[in-house]
Amino acid sequence: MAKRYWLFKNEPDCFSIDDLVKAPDQTAEWEGVRNYQARNFLRDEVKKGDEVFFYHSNANPPGIVGVCKVVRDGYPDPTALDPESRYYDPKSTSDDPRWYMVDVQLTRKLSDIIPLSTLKAAPGLESMMVTQKGSRLSIQPVTADEWRTIMKLVRRM
DNA sequence: GCCAACGTTGGC
DNA sequence: GCCAACGTTGGC
């Protein structure tokens, strides 16, 4: 299976690129995804070795702030079973886990954010999911062309 | 804080 | 299975 590319969104108030920088081994569990379409990606399609843009949503400005790598395939998200967790879901059980997550490791934090406005203006990213109006999915596939286009912006920084 | 877009729930 | 009501996301 060829390596694939993704964009993972997070609100920096919740878990930011700096939290990943500070994490042990600069590795974190991408927990708390509670959307079925995103869940299906995490469970079935996001694989170890895939590369990921770390995106800050609900931020000023929103945009891509880092690059990371998937280091563990999808597995059941234990926070769904923890009544103390903000991600607790009483309908999920250990026999029939409803929610999945992967582990990611930092590759690099960008020296500057690539704002959403830059992505929207960049030739070649017109049909990228994150540049579309109303795009709410928190786990988004990125095409190899889109990945290359954005990495060119990264190298220019 | 506003509000458009989207997802989920639940009555029927 | 439809769809109105409601809740959430996320840019601005």
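Quick caveat: nothing in here was measured; it's all calculated off a predicted structure. Reminder, nothing fancy here: chain letters follow the sequence lines and each chain counts from 1. Hydrogens, waters and symmetry mates play no part in the numbers below; they use all other heavy atoms, side chains included.
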## Note on the structure
salt bridge (charged side-chain N to carboxylate O under 4.0 Å, His left out) filter on A:Lys69, not counting sequence neighbours, yields none

### Message
Angle between ring planes, A:Trp147 versus A:Phe53, binned at 30° and 60°: parallel, tilted or perpendicular?
### Response
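Because their plane-to-plane angle is under 30°, the rings of A:Trp147 and A:Phe53 count as parallel.
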
### Message
Over 60° means perpendicular and under 30° means parallel, so tell me whether A:Phe54 and A:Trp30 are parallel, tilted or perpendicular.
### Response
perpendicular

### Query
Rounded to the nearest 0.5 Å, how far apart are CG of A:Asp145 and CE of A:Met128?
11.5 Å

### Task
Give every residue pair that meets the salt bridge (charged side-chain N to carboxylate O under 4.0 Å, His left out) criterion with at least one member in residues 17-46 of chain A, sequence neighbours excluded.
A:Arg4-A:Glu45, A:Asp18-A:Lys109, A:Arg34-A:Asp77

#### Entry: Given DNA chain B, 5'-ward residue of the pair A:Asn58 and A:Ser135, judged by closest heavy atom
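The answer here is A:Asn58.
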
### Query
Going 5' to 3' on DNA chain C, which nucleotide is the first and which the last to come under 4.0 Å of a heavy atom in chain A?
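In short, chain A contacts DNA chain C from C:dG7 to C:dC12.
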
